[in-house]
*Asks:* 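Starting off with a structure, shown below.
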Amino acid sequence: MAIVIAKVIVDVSTAAIDRPFDYQVPEEWEAFIQPGVRVHVPFGPRKVQGFVIGIDETSQVESAKLKPLQSVIDVEPVLTKELLELAKWLKDDTLCFYNDALQVMIPAALRAAYSKIVHVDSSVSLSQKFESLLSKDREVDFQQIEKAKLLPELKHLLQNQLAEIETRIRQRSTPKKQTVYHVASVPEEIGGNAKKQLQVLEWIREKQVSFFTLPQLQQDFSVTGAVVEAMVQKGYLTKKKQEIYREIEMLGDASTDKVVELTDKQNDVLSQIITSADQQQSDVFLLHGITGSGKTEIYLHAIEHTLSLNKEAIMLVPEIALTPQMVLRFKMRFGEQVAVMHSGLSIGEKYDEWRKVIRKEVKVVVGARSAIFAPFENLGLLILDEEHESSYKQEDSPRYHAREVAKWRAEFAHCPVILGSATPSIESYARATKGVYHLVKLPGRANAKPLPPVELIDMREQLKGGNRSMFSIELADAIRDRLAKREQIVLFLNKRGFSSFVLCRDCGSTVQCPNCDISLTYHRMGEALRCHYCGYEEQVPTQCPQCKSEHIRFFGTGTQKVEEELTRLFPEARTLRMDVDTTRTKGAHERILHHFGQKQAEILLGTQMIAKGLDFPDVTLVGVLNADTSLHLADFRAAEKTFQLITQVSGRAGRHEKEGKVIVQTYDPDHYALEYAKMHDYVAFYTKEMQIRKVYEYPPFYYLTHIQISHPDVLVTAEYADKVASWLRDELSNQATVIGPTASAISRIQDRYRYQCIIKYKKEPNLIPVLHQLLKLTRSEWEKQGVRIGIDLHPSTLV
DNA sequence: AGCACGCCGACT
DNA sequence: GTCGGCGTGCTC
């Protein structure tokens, strides 16, 4: 009898473990075990979860060392054949651990949680404290022992073998089950005193349901479970435990979404995509269309066509643009065929949506970045809306870009990809210009409304004129005018790399995070200072920690401060504020927008998150309070990001009947990014930006790789950063330039100093092997000294 | 990563 | 003498 060997990637993300381990498959499971299922395996002295990535009949490992699998977790694979292949590519392409590449593809609910359980023998005399922690089966969580400072006692027990520790793997989420009552035989009449039962029967008759849950019943009238149970006893109803999907709460009007007639231009674009889909070409289309040009309508039609081919579609939307309106639009168009995946959902809800996909109950997925891994097996279309968005790049391992994953999957499935944007990334547009992507354009808004005029206000002039307010005279006048006309205003505060902090007016020092090398951010709520990197929090001091002066106050422009000034200048106006503070709770985002849509406020004030997707007919003025903050980032994409931002925000004004206007306040009105944004001229901006990228040798002319070295000691960090740089210079060909090492812009995060090197290259065949070698070197030797290395192959930002 | 094994200093 | 510090090495 031939033995069956499972190749398993265990759930341990370390360099030494980053390879398949072989396990013997017990005979009775041979039929179950297939690539893509998860298993529990013994691993050294403990038990861990793992992914079966392959089945074999032989093993290089001597058979004496082979252990059998402990148990099988999944009956059906959680990863398709395609996703297993994709993981292999992903780990090589992003230089991450195999395990990380696999884990990123399954919903969080399926990721293992480990806990250590202490099991104590019966009839052992324990301290009272210890005894009180034990459960009925004489078990207790290891962490509780630790917390109660009972470790010495535990150690004693372990030595005398009176207790043992077990690593237990918890499943985070199980399908939600609920009791569902099915109508069996309903009598015409029930006698006696059973008033409530009668009420239930009437309800059933009225609603014409064949099954229901207790909460559903309780929505309409007060009734207890006892009543329904009695009816089950009498045989009127039968009850079943059934799996249900957690319902996703949605606000907004379910106004009918009629299939809109496409314009000629839209039809032209659509037909190109359809042709490509029909011919099973894995073409990449870059759809360049200004805000309001009807890109979404093209997506909807293209998805419809995909469904007509009996294939599936994935559409990615940046997290912040995944608004209820957007979701509603898809739900109305495709009904039950859509699953939605975004970070606003609970772990359980995400798991439910994912199961709809793997069970083939849906054909369309709309979601943020990670939805690109939706386990479809018959993909016909992939869409990335707002393809330039930096949120498509994951900033921790695996550092993948959803655009690259989409292209890989399209290649695999022989289907097209649509990258849509009003302001495509410079890289994508360059590829389209070179013919690598198909460039399709939608000039002009679908409703033929002109783009709103953009006015740049020179804030230096305001200051000279004696206006020290954060509102220029022009903007203040415009706000007053709109308020008088009962129109709405959106004010945008550019907070990229910028925040309010506490400053001492005597010595000029700011309050810094004790762990990270940055200023703490002032939060009005609770008068707290918080670090945005590590979450450290403290109270606002009354004295300057440096010079003991009492002249310490917050400085900078937070949304709260703007809000205060707004109330001062326009006491009659109602303002809604939308930023990280006011949208922290679930559904808050939706609520604020809903209120604004209902005209419960005249002014919507917010940061990045209001730049996208808002579409309110009465918004006729958009103000950008400070265009400069993103302009002066130490990042080669600063101009690009600013241009995108201004363009996006401008798109919020005058989308309907009323004419809109945009006012941008800046200290640098001559900057080309602002000038071209004012002219609504993407191509001119692109041309200018490309010239600059060429001169300074930045992407897309050169590729970059970002290497970060960190250690608790600054000198050690610098020393190893030097080693990395010189080692790279030796190993790489002279076609590649190594820049640095330099201290990172935020030179310390979570008590670790950070240095960085940048590799710049046009073509470097050795790059991947050399980086692999570097990782091997550092992981085997340097890691012991506490040196950590992070490699980002196509960094989205250098700060 | 975790966990065991193993080899040297200060304690019941 | 033993308890326990953390260096080293392994996990199919």
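Below, chains carry the letters A, B, ... as their sequence lines are ordered, and counting in each starts from 1. Fair warning: this is a prediction, and the values are worked out from it, not measured in the lab.
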*Asks:* Among residues at least two apart in sequence or on other chains, which ones pass side-chain contact (heavy atoms from CB on, under 4.5 Å) with Asp11(A)?
*Replies:* Gln49(A), Asn99(A), Gln103(A), Ala112(A), Tyr114(A)

*Asks:* Any ion pair linking Asp100(A) and Lys91(A) (charged N to carboxylate O, less than 4.0 Å)?
*Replies:* no

*Asks:* Could you list all N or O pairs between the protein and nucleotides 3-5 of chain C that sit under 3.5 Å apart?
*Replies:*
none

*Asks:* Identify, with sequence neighbours excluded, every residue that meets ring pair (Phe, Tyr, Trp, His ring centres under 6.0 Å) alongside His794(A).
*Replies:*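 His794(A) satisfies ring pair (Phe, Tyr, Trp, His ring centres under 6.0 Å) with Tyr703(A) only.
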
*Asks:* Using residues 366-379 of chain A as the side-chain source, report each donor-acceptor pair under 3.5 Å to any protein atom, sequence neighbours left out, with the distance given to one decimal.
*Replies:*
residue, atom, partner, partner atom, Å
Arg369(A), NE, Gln394(A), OE1, 3.4
Arg369(A), NH1, Ser391(A), O, 2.8
Arg369(A), NH1, Lys393(A), O, 3.3
Arg369(A), NH2, Gln394(A), OE1, 3.3
Glu377(A), OE1, Lys360(A), NZ, 2.9
Asn378(A), ND2, Asn310(A), O, 3.1

*Asks:* Can you pull the salt bridge (Lys or Arg N to Asp or Glu O under 4.0 Å) pairs that have at least one residue in residues 53-71 of chain A, sequence neighbours excluded?
*Replies:*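 Passing the test, one end in residues 53-71 of chain A: no pairs.
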
*Asks:* Could you give all pairs that pass the ring pair (Phe, Tyr, Trp, His ring centres under 6.0 Å) test and reach residues 5-25 of chain A, with sequence neighbours left out?
*Replies:* Phe21(A)-Phe43(A)

*Asks:* Measure the distance from CD on Gln49(A) to P on dG2(B) and round it to the nearest whole Å.
*Replies:*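 Interatomic distance, CD of Gln49(A) to P of dG2(B): 14 Å.
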
*Asks:* Can you list, pair by pair, the side-chain donor-acceptor contacts under 3.5 Å of residues 76-84 of chain A, counting residues two or more places apart and other chains?
*Replies:*
residue, atom, partner, partner atom, Å
Thr80(A), OG1, Leu83(A), N, 3.1
Glu82(A), OE1, Arg409(A), NH2, 3.0
Glu82(A), OE2, Arg409(A), NE, 2.9

*Asks:* Pick out the pairs of N or O atoms, protein on one side and nucleotides 10-12 of chain C on the other, that lie under 3.5 Å.
*Replies:*
residue, atom, partner, partner atom, Å
dT11(C), OP1, Lys65(A), NZ, 3.2
dT11(C), O3', Gly44(A), N, 3.1
dC12(C), OP1, Tyr23(A), OH, 3.2
dC12(C), OP1, Pro42(A), O, 3.2
dC12(C), OP2, Lys67(A), NZ, 2.3
dC12(C), O3', Asp22(A), O, 2.6
dC12(C), O3', Lys67(A), N, 2.7
dC12(C), O2, Asp22(A), N, 2.7
dC12(C), N4, Arg19(A), NH1, 3.0

*Asks:* Which residues pass the ring pair (Phe, Tyr, Trp, His ring centres under 6.0 Å) test with Phe32(A), sequence neighbours left out?
*Replies:* none

